[in-house]
Amino acid sequence: MPMDPSQWIDVVEDKFKYQLDHFVIPGHYSEDVESILIPHGLIMDRIAKLAQLITSEYDNERVVVCCVLKGGHQFFSDLVNYMKKALNKQGKTLPITLDFIRVKSYENDKSSGQVHISMTDKELQELKGKNLLLVEDIIDTGKTMQRLLETLGKYELKSVKVASLLVKKTPLSCGYIPDYVGFAVPDLFVVGYCLDYNDIFRDLDHICAISEVGKTKYSV
């Protein structure tokens, strides 16, 4: 069930726009990001809350927590750690299995926007009857995730839920909303906390808006 917008943190650019000299960022990015939208500490606190919500909604049934690579791996790692802490605090037991998937969506004349995933048909069939939690870094238009869910729907899973750290507020959105959302962010190109721009900025702890200098410097 999609998370109600009142339950996530809405990042409004005018209010969530911290100056770079208020926090520690790598010196090599000093000109490459415009502002800090979400400081690392706030990210971690929000993930801890999401972990509480997620673990409270599963009974003692095995859950396959699946990371959508590459960008989702830091969120995935921190979320699983906080889930384990939340379970200990709640006095619950919840068997957790970890998995990984790569997803690509090609929108051109050849592929017609189909989703291409790294799991084989045999691997997907092994998910039958299981609870799957997909962990994603950001939902942009939502079209790729919708297509992925449509594909997974063919394999008779017991349940499929999606946790995304970010949802972008873009007019290009298809309207898809995940089950768990950390923050809704402005329609900007954001980097940091493993969100990248041509594989750059994965070593930046905070989530920031990239500057025009950064776009030019790291363009391919």
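Treat the numbers as computed from the prediction; the structure is a model and nothing was measured.
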## Note on the structure
Closest non-hydrogen atoms of Leu94 and Glu61, given as atom of the first, atom of the second and distance, are CD1-O, 3.1 Å
## Note on the structure
For Pro178 and Val167, the nearest pair of non-hydrogen atoms, with its separation, is CD-CG2, 3.8 Å
### Query
Below 4.5 Å, heavy atoms only, C-beta onward: do Val68 and Asp137 meet side chain to side chain?
no
### Query
Which heavy-atom pair separates Tyr197 from Gly214 by the least distance, and what is that distance?
CE2-O, 3.9 Å
### Query
Hey, does the side chain of Ser56 reach the backbone of Leu53 with a donor-acceptor pair shorter than 3.5 angstrom?
yes
### Query
Hey, are the side chains of Leu165 and Phe75 touching, using non-hydrogen atoms and a 4.5 Å cut-off?
yes
#### Entry: Spacing of Lys92 atom NZ and Asp59 atom CG [to the nearest 0.5 Å]
6.5 Å
### Query
Do other residues, nucleotides or ligands put more than 12 heavy atoms under 6.0 Å from the CD atom of Glu156?
no
#### Entry: Tyr176 versus Met145, closest heavy-atom pair with distance
CE2-CG, 3.5 Å
### Task
Indicate yes or no: at least one non-hydrogen side-chain atom of His40 is less than 4.5 angstrom from one of His206.
yes
### Query
Are there more than 12 heavy atoms of other residues, nucleotides or ligands under 6.0 Å from atom NZ of Lys49?
no
### Task
Group every Ile, Leu, Val, Met, Phe, Trp and Tyr by side-chain heavy-atom contacts under 4.5 Å, then state whether Ile43 and Phe23 land in the same group.
yes
### Message
Is a donor from one side chain sitting under 3.5 angstrom from an acceptor on the other, for Tyr29 and Asp203?
### Response
yes
#### Entry: same_hphob_cluster(Val24, Leu42) at 4.5 Å side-chain heavy-atom cutoff
no
### Query
Taking a hydrophobic cluster as the set of Ile, Leu, Val, Met, Phe, Trp and Tyr residues connected by side-chain heavy atoms closer than 4.5 Å, whether directly or through intermediates, do Val190 and Val12 fall within one such cluster?
no
### Message
One pair to check against side chain to side chain contact (heavy atoms under 4.5 Å, CB included): Arg62 and Asn131. What are the steps and the verdict?
### Response
CA-CA 7 Å; Arg62 184 169 298 278; Asn131 297 299; over 6 Å; no
### Query
Strictly by modelled atom types, are Asp32 and Tyr218 linked by a side-chain donor-acceptor pair under 3.5 Å?
yes
### Query
In Å and rounded to the nearest 0.5 Å, what is the CZ to CD1 distance from Arg102 to Ile117?
13.5 Å
#### Entry: Side chains of Ile36 and Cys208 in contact at under 4.5 Å (non-hydrogen atoms)
yes
### Task
Test side chain to side chain contact (heavy atoms under 4.5 Å, CB included) on Lys128 and Gln125 and set out the steps.
CA-CA 6 Å; Lys128 182 178 179 178; Gln125 289 178 3; 6.0 Å; no
### Task
Kindly indicate, with the supporting measurements, whether the criterion side chain to side chain contact (heavy atoms under 4.5 Å, CB included) is fulfilled by Cys66 and Leu132.
CA-CA 7 Å; Cys66 185; Leu132 180 67; 3.7 Å; yes
### Message
Using the rule that Ile, Leu, Val, Met, Phe, Trp and Tyr join whenever any side-chain heavy atoms are under 4.5 Å apart, tell me whether Leu98 and Leu87 fall into a single cluster.
### Response
yes
### Message
In this structure, would Met44 and Leu37 fall into the same cluster of hydrophobic residues linked by side-chain contacts under 4.5 Å?
### Response
yes
### Message
How long is the straight-line distance from CZ of Phe201 back to NE2 of His28, given to the nearest 0.5 Å?
### Response
8.5 Å
#### Entry: Residue pair Leu20 / Val33: nearest heavy atoms and the distance that separates them
CD1-O, 3.4 Å
### Message
If you count every heavy atom of other residues, nucleotides or ligands that lies below 6.0 Å from Lys217 atom NZ, does the total exceed 12?
### Response
yes
#### Entry: Residue among Leu79, Val80, Asp78 satisfying side-chain contact (heavy atoms from CB on, under 4.5 Å) with Phe76
Val80
### Message
Between Glu212 and Lys215, does any NZ, NE, NH1 or NH2 come within less than 4.0 Å of an OD or OE carboxylate oxygen?
### Response
yes
### Task
Rounded to the nearest 0.5 Å, what's the gap from CG on Asp21 to OG on Ser30? Could you check?
11.5 Å
### Query
Does any N or O in the side chain of Lys168 come within less than 3.5 Å of the main-chain N or O of Ser173, such that one atom is a donor and the other an acceptor?
no
### Message
Distance check, rounded to the nearest 0.5 Å: Lys161 atom NZ versus Glu57 atom CD?
### Response
4.5 Å
### Query
Under 4.5 Å between any side-chain heavy atoms of Leu134 and Leu148, yes or no?
yes
### Query
Considering all heavy atoms of both residues, which atom of Glu13 and which atom of Lys17 are nearest to each other, and what is their separation?
O-CB, 3.0 Å
### Note, Leu149 side chain near Val162 side chain (heavy atom, < 4.5 Å)
yes
### Query
If we only count heavy atoms from C-beta on, is the Met83 to Val63 side-chain gap below 4.5 Å?
no
### Heavy-atom check, side chain of Ile101 versus side chain of Asp99, under 4.5 Å
no
### Straight-line distance of Phe183 CZ to Ile207 CD1, nearest 0.5 Å
6.5 Å
### Worked verdict on Ile9 versus Ile38 for side chain to side chain contact (heavy atoms under 4.5 Å, CB included)
CA-CA 10 Å; Ile9 298 174; Ile38 313 174; over 6 Å; no
